[in-house]
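Values in this document were obtained by computation on a predicted structure and should not be read as measured data. Protein chains get the first letters and strands the later ones, always in sequence-line order, with residue 1 at the start of each.
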Number of protein chains: 2
Amino acid sequence: MEFEPVTQVRAYERVVEQIEQAVLSGRLSPGQRLPSERDLMAQFQVSRSTVREALRVLQAGAVIRSRPGDPRGPEVLSASPAALHKSLHRLAMADHLGLGELLQFRMLLEGSAYLLAAGLRTEAQLAEMEAALAEMAGKTDYAAFSRADYAFHQAVARATGNALLVVCGEVVREVALGLIEDKLVHAEDRRALMRSSLEHHREVLRAVRERDGARACRLGRRALYDYYAEYVPAAERAKLVPLLDQL
Amino acid sequence: MEFEPVTQVRAYERVVEQIEQAVLSGRLSPGQRLPSERDLMAQFQVSRSTVREALRVLQAGAVIRSRPGDPRGPEVLSASPAALHKSLHRLAMADHLGLGELLQFRMLLEGSAYLLAAGLRTEAQLAEMEAALAEMAGKTDYAAFSRADYAFHQAVARATGNALLVVCGEVVREVALGLIEDKLVHAEDRRALMRSSLEHHREVLRAVRERDGARACRLGRRALYDYYAEYVPAAERAKLVPLLDQL
DNA sequence: CAGTATTTGTCCGTATGTATC
DNA sequence: GGATACATACGGACAAATACT
């Protein structure tokens, strides 16, 4: 007979667990309302403080939202990458996650996104990418250019039809940009950077249009490397090379 | 002049923010202790409940840990991917994404993991993979086999040196297994499945040993496809094909 | 449009089990 | 083993905010 080590589980955690399970299993869908705090303390047989601590945790995890004075009770939110973004951001800030690691992961994700998008894209999705690219070409302001670039990569990710890829790409791009934006501001030749970036995007998009996934993947990764590698510590740069050569 | 919309910021949120900033900026390093709840309510000039709600949120985010009766106060934790794991897991569970999408993402991640691992692995990491494979070969019980399989893939992910890849792979494997475990239980020929899976793993590992990343990537994705594709609805199966052919 | 009831946000006090010295 | 300080959990209370009649 095997016994499990007994773990002290606090009251508020069990409240969190039950509500979380109800949301995850779909018994509570986004938009629906939870009972009021007083009703919850009756149902769970705990004090209001305990209920409140549980609700705070759920709110911090972007599972629910509660506002004062709302008689309908806390609202169940739809799944969002907010919590994912926060935890990844914290991990990156704590230097437990170097820029090299982040860039490696981004090259991996975006390369695969190109590969899939080239094979699966519809004409409408291709048009979205081309629209974003045209938007990039028209901007001279770096901030606007960056936003259009963001839209381009989002369009590629959406074309894969994979929600996980969209969300993870989104988060990784944002956090990576946050890490180097101060360095980019000081770059004197942003114009040249933007021009070369635009050219790279054009080439990749051509490969996607011709349904050449392998080439799109290779070009996309190479472009990311050329763009960001100089900000990556030399020691970490070796981690990126296998993503360039062999594919 | 532009004005920002005024947002009602609650007391406990400001407590969270201050402590979080202190940890992120390094003024509070892992292992250090926070003041006790009573001291905190004096410093922040708020009530006990407010302090407690803030600590609950920080604890849920894996920033601190507090135990009853510890006179040293709440402990500052080192940054860990635990929170990332939780939020990604919730996202993967909630979006009721299909098995096809999940498998697509897993093929993408694990293929890239093989590609990187083949190029970056050390001898010690190779030995870990071989140990996990030997463990798989020795098991006839499906549960034990599955655990060893899990360890194998974890070893591959670790060899890439990328914590994000490790965590994402972990989550995707767990969720995917949860979705099909009931179907696998009813498979009559689990023995044959295990045997063929073992053979596939051997081939992939050989490619990793020979530092042939492209082949390892291709073999790994093919193995995943052969293993799980039959449980994927036919309509979704097309989403997986681009990951097989072109690489 | 105003009034009312309800809910949340915050505070205070107290009892209990627990870890450390 | 005892003393101390701590977190956990409970209950009651009031003000601000919101929704509904």
Round to a whole Å and report the spacing from CZ of A:R33 to C1' of D:dT18.
11 Å
Closest of C:dG17, C:dT10, C:dT8 to the B:P68 side chain is C:dG17
When you check the side-chain N and O atoms of B:R27 and B:Q21, is any donor under 3.5 Å from an acceptor?
no
Hey, are A:S87 and B:S87 close enough side-chain-wise for a donor-acceptor pair under 3.5 Å?
yes
Are side-chain N/O atoms of A:Y228 and A:R106 paired as donor and acceptor at under 3.5 Å?
yes
If I take atom CD in residue B:E37 and atom C1' in nucleotide C:dT18, what distance separates them, rounded to the nearest angstrom?
14 Å
Just how far, in rounded Å, is C1' of D:dA9 from CZ of A:F44?
16 Å
Pick the closest DNA chain D nucleotide for A:Q45 and for B:R72 by heavy atoms, then say which residue is nearer the 5' end.
B:R72
Return the value, rounded to whole Å, for the distance between atom CZ of A:R65 and atom P of C:dT8.
14 Å
Counting only side-chain nitrogens and oxygens, does B:S47 get under 4.0 Å of the OP1 or OP2 atom of C:dC12?
no
Would B:E110 and B:R173 pass as an ion pair if we require N to O under 4.0 Å?
yes
Interatomic distance, A:R10 CZ vs C:dG17 P [rounded to whole Å]
17 Å
Does a side-chain N or O from A:T50 land closer than 4.0 Å to OP1 or OP2 of D:dT8, or not?
no
5′-ward residue of the pair A:R48/A:G69 relative to DNA chain D
A:R48
Between B:V51 and B:P71, which is nearer to the 5' end of DNA chain C once each is assigned its nearest nucleotide?
B:V51
Pair B:E174, B:Y150: side-chain N/O donor-acceptor within cut-off below 3.5 Å:
yes
Nearest whole angstrom, please: distance from the P of C:dC11 to the CE of B:M41.
8 Å
Go through D:dA7, D:dC10, C:dG9 for me and flag the one nearest to the B:S66 side chain.
D:dA7
Please determine whether a side-chain nitrogen or oxygen atom of A:R67 lies at a distance below 4.0 Å from atom OP1 or OP2 of D:dA19.
yes
Taken to the nearest whole Å, CZ/B:R52 to C1'/D:dT8 is 6 Å
Under 4.0 angstrom between B:R56 side-chain N/O and D:dT8 OP1 or OP2:
yes
Taking CG from B:D39 and C1' from D:dA7, how many angstroms apart are they, rounded to a whole number?
13 Å
Counting only side-chain heavy atoms from C-beta out, which of C:dT8, D:dA9, C:dT10 sits nearest to A:Y12?
D:dA9
